[in-house]
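What follows is one structure encoded as structure tokens, with my remarks underneath.
Residue numbers count from 1 along this sequence.
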Amino acid sequence: MAKTIQDALKERILIIDGAMGTMIQRHKLEEKDYRGERFKDWASDLKGNNDLLVLTRPDIIEGIHRQYLEAGADIIETNTFNAQAISMADYHMEALAYEINVAAARIAKKATSDFTAKNPDKPRFVAGAIGPMSKTLSLSPDVNNPGFRAVTFDEVTNAYYEQVKGLVEGGADLLLIETIFDTLNAKAAIFAIKKYFRDTKQEELPIMISGTITDASGRTLSGQTLEAFYISVKHARPLSIGLNCALGASEMRSHIEELSQISACYTSAYPNAGLPNTMGEYDELPEQTAHFIEEWAEKGFVNIVGGCCGTTPDHIKHIADHVAAIKPRPLPVLEKELV
């Protein structure tokens with residue numbers, strides 16, 4: 001029986017869940033759903049603050065987690081993509097960041113624990129989702145003043161520290177820094193994680209890191225090549241490094257191949273369901289996404305796979321079925337001085 005995620009990764013390709021936002025949209029929620037009773041008199045609009053739903057509609061969030069678990073997901077992401085004080089300031093809810101993260105982790109943990117209890121041979125894990133934030137350290141929001149920054153490194157670190165604290169105390173099994181388009185923000189998240197575990201003298205949870213290549217240039221939004229991005233974050237000694245979002249599987253393939261050749265740790269990939277159409281919707285069918293990812297698995301590129309924007313439990317089920325019999329990418333044996 002695989003007791004830890006490290007054990008499981010040695011045995012098989014693991015499945016991470018699909019899009020949370022896509023599934024929330026299916027519920028066609030209104031302002032009142034986001035407000036609930038507790039926030040019915042909140043001064044600003046709350047519709048669109050999906051992370052808040054862990055407090056006002058936890059039934060919906062838990063239901064989505066369970067759908068992905070039923071589809072075969074091994075790793076469930078908490079509904080906390082924007083749940084830190086800097087992003088929550090858009091809704092004047094900075095003070096709720098810690099509470100939201102604790103609640104989100106507990107909801108996900110309840111679902112995964114139930115599924116693990118039913119089948120101990122297939123343990124399920126909660127990944128505390130840490131998104132890229134609404135402000136960036138490397139880019140100026142003012143085109144007329146390229147040197148201006150809307151936030152400082154310490155402010156970003158403090159916001160992530162509070163988020164990490166909530167996720168860990170809520171029961172997350174690992175921490176996922178995802179959809180990274182600015183590596184400096186990711187470094188602040190890494191620093192916050194390391195500082196939290198130093199401060200609390202706890203054993204550090206595994207870290208997953210997932211960047212975003214934004215276009216055909218093969219670079220992040222802040223200008224780094226994939227190799228430069230990898231070199232910039234590998235000091236964190238993560239459990240895995242991978243890519244998600246921005247691209248569909250077809251467009252992501254060459255980047256995943258490159259990453260598989262340079263990464264000393266496990267590799268992950270969870271692409272969008274193709275590229276968005278003119279209406280901003282995703283048309284790639286589950287069997288199409290699964291076909292692409294199956295080829296990556298057969299080539300030995302990946303250890304963890306799943307879906308991002310536009311993907312659903314159907315996509316995850318097809319992906320899980322297609323890679324079930326394929327061996328995971330073996331970790332490379334590297335010279336010590338190159339690690």
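- For the salt bridge (charged side-chain N to carboxylate O under 4.0 Å, His left out) condition, no pair includes a residue of residues 129-151, sequence neighbours left out.
- Hydrophobic clustering, with ILVMFWY side chains joined whenever heavy atoms are under 4.5 angstrom apart, keeps F148 apart from L137.
- Screening residues 95-108 for salt bridge (charged side-chain N to carboxylate O under 4.0 Å, His left out) gives R38-E99 as the qualifying pairs, with residues at least two apart or on separate chains.
- Within the structure, the ring-ring contact (aromatic ring centres under 6.0 Å, His included) test picks out the following pairs touching residues 32-78 (sequence neighbours left out): F39-W42.
- A side-chain donor-acceptor contact under 3.5 Å links Q202 and T200.
- Side-chain contacts under 4.5 Å among hydrophobic residues (ILVMFWY), followed directly or transitively, place F181 together with L139, L221.
- No side-chain donor-acceptor contact under 3.5 Å links N185 to the backbone of T136.
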Pair H318, D321 - check side-chain contact (heavy atoms from CB on, under 4.5 Å), show working.
CA-CA 5 Å; H318 277 75; D321 289 346; 5.8 Å; no
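- The closest donor-acceptor contact from the side chain of T311 to the backbone of G18 lies at 3.5 Å or more, if one exists at all.
- Contact annotation: the side chain of S250 never approaches that of Q288 to less than 4.5 Å [non-hydrogen atoms, C-beta and beyond].
- The distance from atom CG of L29 to atom CD of Q25, rounded to the nearest 0.5 Å, is 10.0 Å.
- Hydrophobic clustering of Ile, Leu, Val, Met, Phe, Trp and Tyr side chains at less than 4.5 Å, counting indirect connections, keeps M23 apart from F81.
- Across every non-hydrogen atom of Y160 and G131, the tightest pair is OH-O, 2.7 Å.
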Test log, rule side-chain contact (heavy atoms from CB on, under 4.5 Å), inputs F229 and V233
CA-CA 7 Å; F229 166 71; V233 298; 4.2 Å; yes
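- Using modelled atom types and a 3.5 Å distance limit, the side chains of S240 and N303 yield no donor-acceptor pair.
- Two residues are said to be in side-chain contact when any heavy atoms from C-beta on lie closer than 4.5 Å; I293 and H322 fail this criterion.
- When every heavy atom of T220 is checked against every heavy atom of I180, the shortest pair comes out as CG2-O, 4.5 Å.
- Listed by first and then second residue, the salt bridge (charged side-chain N to carboxylate O under 4.0 Å, His left out) pairs involving residues 64-85 are R12-D74, E62-R66, R66-D114, D74-K122 (not counting sequence neighbours).
- Taking 4.5 Å as the limit, every side-chain heavy atom of Q224 sits out of range of all side-chain heavy atoms of R219.
- A salt bridge does not link E162 with K165: every distance from a Lys NZ or Arg NE/NH1/NH2 to an Asp or Glu carboxylate oxygen is 4.0 Å or more.
- Distance CD1/I256 to CZ/F292: 13.5 Å, rounded to 0.5 Å.
- In this structure, the separation between CD1 on I177 and CD1 on I190 is 4.5 Å, given to the nearest 0.5 Å.
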Given I304 and T267, is the side-chain contact (heavy atoms from CB on, under 4.5 Å) satisfied, shown in steps?
CA-CA 6 Å; I304 302 169; T267 56; over 6 Å; no
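- Residue pairs satisfying the salt bridge (charged side-chain N to carboxylate O under 4.0 Å, His left out) criterion with at least one member in residues 289-316, sequence neighbours excluded, are listed as follows: R253-E295.
- Residues passing the side-chain contact (heavy atoms from CB on, under 4.5 Å) test with S134 are I86, S87, D90, sequence neighbours excluded.
- In this structure a side-chain-to-backbone donor-acceptor pair under 3.5 Å is missing from E251 to A246.
- T78 places a side-chain N or O within 3.5 Å of a backbone atom of A129 that can act as its donor or acceptor partner.
- In this structure a side-chain-to-backbone donor-acceptor pair under 3.5 Å is missing from N272 to L275.
- Annotation for K317: atom NZ does not count as buried by contact number, only 12 or fewer foreign heavy atoms lying within 6.0 Å.
- Counting only distance, with no hydrogens or angles, the side chain of T22 and the backbone of A19 share no donor-acceptor pair below 3.5 Å.
- Side-chain contact, D51 with N82: no donor N or O sits under 3.5 Å from an acceptor N or O.
- Although no hydrogens or angles enter the test, the distance criterion places no donor-acceptor pair under 3.5 Å between the side chain of R124 and the main chain of I75.
- Annotation: ring-ring contact (aromatic ring centres under 6.0 Å, His included) contacts of Y161 (sequence neighbours excluded): Y196.
- Using a 4.5 Å heavy-atom threshold, the side chains of I5 and D173 count as separate.
- Annotation: side-chain contact (heavy atoms from CB on, under 4.5 Å) contacts of Q6 (sequence neighbours excluded): T4, P206, L239.
- Residues V168 and V126 do not share a hydrophobic cluster, clusters being chains of Ile/Leu/Val/Met/Phe/Trp/Tyr side chains in contact below 4.5 Å.
- Between L9 and P328, the closest heavy-atom pair is O-CG, 3.8 Å.
- Under the 4.5 Å side-chain criterion, counting only non-hydrogen atoms from C-beta, I207 is not in contact with R237.
- One hydrophobic cluster, built from ILVMFWY side chains closer than 4.5 Å, cannot hold both L285 and I15; they sit in different ones.
- The minimum heavy-atom distance linking A172 with A105 is given by the pair N-CB, 4.2 Å.
- In this structure, L205 CG and L175 CG are separated by 5.0 Å, a value rounded to the nearest 0.5 Å.
- Residues L53 and I24 are in side-chain contact: their nearest non-hydrogen atoms beyond the backbone lie under 4.5 Å apart.
- Contact between A8 and L14 at its shortest, heavy atoms only, is CB-CD2, 3.9 Å.
- In the hydrophobic clustering of this structure, M208 groups with Y270; members are Ile, Leu, Val, Met, Phe, Trp, Tyr whose side-chain heavy atoms approach within less than 4.5 Å, directly or through other members.
- No side-chain heavy atom of M252 sits under 4.5 Å from any side-chain heavy atom of I213.
- Between R35 and D41, the shortest heavy-atom distance links the atoms NH1-C, 3.9 Å.
- One distance of note links CD of E178 with CD1 of I130; it measures 9.0 Å at 0.5 Å rounding.
- Interatomic distance, T157 OG1 to I193 CD1, rounded to the nearest 0.5 Å: 11.0 Å.
- Checked against salt bridge (charged side-chain N to carboxylate O under 4.0 Å, His left out), D59 has the following partners two or more places apart in sequence or in another chain: R57.
- Residue V102 belongs to a hydrophobic cluster whose other members are Y98, with links defined by side-chain heavy atoms closer than 4.5 Å.
- Checking side-chain atoms of T225 against main-chain N and O of A228 turns up a donor-acceptor pair under 3.5 Å.
- By the 6.0 Å and 45° rule, K118 stacks over the aromatic ring of F115.
- Remark: E94 pairs with no residue by the side-chain hydrogen bond (donor to acceptor under 3.5 Å, both in side chains) rule, at least two apart or across chains.
- Checking side-chain atoms of S263 against main-chain N and O of L259 turns up no donor-acceptor pair under 3.5 Å.
- With salt bridges taken as basic N to acidic carboxylate O contacts below 4.0 Å, none links D33 and K47.
- You'll find the side chain of L247 stays beyond 4.5 Å of the side chain of T212, heavy atoms only.
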